Amino acid sequence: MLSERAKKIKPSPTLAMDARAKAMKASGIDVVNFGVGEPDFDTPENIKEAAIRAIKDGFTKYTPVGGIDPLKDAIIEKFKKDNKVEYTRNEVIVSCGAKHSLYNIAQALYGEGDEIIIPSPYWVSYPDQVLLNDAAPIFVKTFEKDNFMLDPGVLESHVSKKTKAIILNSPSNPTGQTYDKKTLEAIAEVVIKHNLYVISDEIYEKLTYDGFAHISVASLGNEIKSRTLVVNGLSKAYAMTGWRIGYTAGPKEIIKAMTNIQSQSTSNPTSVAQKAAIEALIGPQDFIKTMLAEFDGRRKFLISELNSISGVSCISPTGAFYAFPNISKLYGRYADGNKVSSSSYLALYLLEKANVVLVPGDAFGDDNYIRLSYATSMENIKKGVERIKEAVGKLK
Ligand SMILES: *Cc1c(COP(=O)(O)O)cnc(C)c1O
């Protein structure tokens with residue numbers, strides 16, 4: 001009965017883990033949830049007020065499909081100010097969250113016979129969005145010793161006649177690592193040489209640490225800019241995950257195709273959320289600093305605690321709000337007579353024995369790791385790592 005397409009797709013494993021944690025909590029179990037993929041902060045008051053104003057003003061009807069001009073202008077200003085890249089209105093489209101932006105790109109660009117290069121570990125939706133559009137994901141492994149940055153030479157060795165695009169994500173979910181300029185330049189060279197496109201998911205650009213400054217690959221020159229689709233959104237930087245506003249900037253032919261596709265699926269992103277997004281982008285930005293300082297304190301604490309657990313090691317993330325510890329040294333130890341041999345098994349063990357929720361690395365394409373989000377209170381983090389320490393200590 002179901003289409004072949006539908007059969008290829010699995011539900012988002014991160015959302016599934018989060019749902020499980022919420023269900024345990026609802027049944028009265030004291031769970032510590034490291035599975036969350038959204039800031040634990042409320043949307044700032046000025047942004048909420050802008051949406052309330054929009055409702056009261058009756059701004060509640062269809063808008064232009066690709067977003068209202070004042071929002072596009074605010075996005076264009078953001079690119080100019082933060083990334084030193086210039087775009088015009090017909091090079092920008094607003095969609096219902098960055099995930100939707102990425103999906104529109106997939107629909108506009110990918111097709112049967114195309115290969116899309118995805119560095120792994122990867123964000124969970126990339127492979128499935130490629131599959132949903134009949135193209136083939138080509139995974140290229142990245143390594144902890146390189147801070148999980150894709151090696152440009154290794155990238156080139158995976159390029160074939162069928163390669164259409166490569167998906168980059170810096171700062172990265174799940175690794176929390178960021179690309180430096182030199183590596184991005186070398187990747188851009190490969191992309192230009194082989195006439196590929198870059199899909200650059202920059203949703204965590206505002207969340208960086210240790211003085212690291214985010215670099216957009218589109219800012220590295222006009223040639224690479226003309227082959228790049230920059231995806232960004234409001235969800236992470238402004239704690240607006242439920243508002244569903246994301247955007248893409250790139251070549252106008254592709255943006256036009258995405259707009260046509262969007263016109264036949266969702267139509268415009270929610271009118272009042274667009275008004276809120278304008279306020280987020282042009283209003284005071286101090287919220288981000290406050291949130292970032294809080295994340296930074298948690299990051300330092302969590303990384304140092306994880307590294308104090310025997311058999312666990314974690315490199316320091318420079319962006320986003322995830323720790324991605326290596327747990328492969330635990331493989332071969334036993335939990336109640338069962339050999340620990342996968343990240344899913346370890347995640348299940350920690351869920352059952354420690355009431356701690358986290359996401360196994362195999363969901364992101366690397367079974368030697370687990371992902372912990374520190375978008376949860378310091379109190380929870382303290383309680384959670386204590387429990388992990390104790391449960392891991394019981395492995396023999
Ligand atoms: C959260 C996230 C997104 C999607 O964000 P929305 O705008 O809420 O759809 C996209 N990419 C990555 C890597 C993310 O972590």
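This is a predicted model, so every value here is computed, not measured. Read the numbers this way: they start at 1 and go in the same order the structure lists the ligands and their atoms.
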Please report whether the ring centroid of Y369 lies less than 6.0 Å from that of F364.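 Ring centres of Y369 and F364 not closer than 6.0 Å.
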Using the rule given for side-chain hydrogen bond (donor to acceptor under 3.5 Å, both in side chains), can you reason through E91 versus T88, listing the C-alpha separation, both sets of side-chain angles and the distance that settles it, and then say yes or no? CA-CA 5 Å; E91 294 172 312; T88 52; 3.0 Å; yes
Carboxylate-amine/guanidinium contact [X] [Y], below 4.0 Å:
X: E390; Y: K394; result: yes
X: R298; Y: E294; result: yes
X: K382; Y: E379; result: no
X: K80; Y: E77; result: yes

Under 3.5 Å, N or O to N or O, is [X] touching ligand 1 that way?
X: Y322; answer: no
X: R244; answer: yes
X: K99; answer: yes
X: H100; answer: no

For [X], counting its heavy atoms only, list the atoms of ligand 1 lying under 4.0 Å from any of them.
X: S235; answer: 6 (P), 7 (O), 8 (O)
X: K236; answer: 1 (C), 2 (C), 3 (C), 5 (O), 14 (C), 15 (O)
X: G97; answer: 7 (O), 9 (O)

Once you restrict to heavy atoms under 4.0 Å, what part of V231 touches ligand 1? Side chain, backbone, both or neither.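 It is neither; nothing of V231 touches ligand 1.
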What do we get for A98 next to ligand 1 when only non-hydrogen atoms under 4.0 Å count, side chain, backbone, both or neither?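 Near ligand 1, A98 shows its backbone as well as its side chain.
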Looking at Y238, does the NZ or CZ of K206 lie under 6.0 angstrom from its six-membered ring centre and within 45 degrees of the ring axis?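 No, K206 does not sit over the ring of Y238.
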Note the single closest protein heavy atom to atom 12 (C) of ligand 1, along with its residue, its atom name and the distance in Å.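 For this ligand atom, the closest protein heavy atom is D201 OD2, 3.4 Å.
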Give the residue and atom name of whichever protein heavy atom lies nearest to atom 15 (O) of ligand 1, and the separation in Å to one decimal.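 Its nearest protein heavy-atom neighbour is Y204 OH, 2.7 Å.
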Quick one: does K181's side chain have a donor or acceptor within less than 3.5 Å of a partner on I215's backbone?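 Looks like no, no N/O pair under 3.5 Å.
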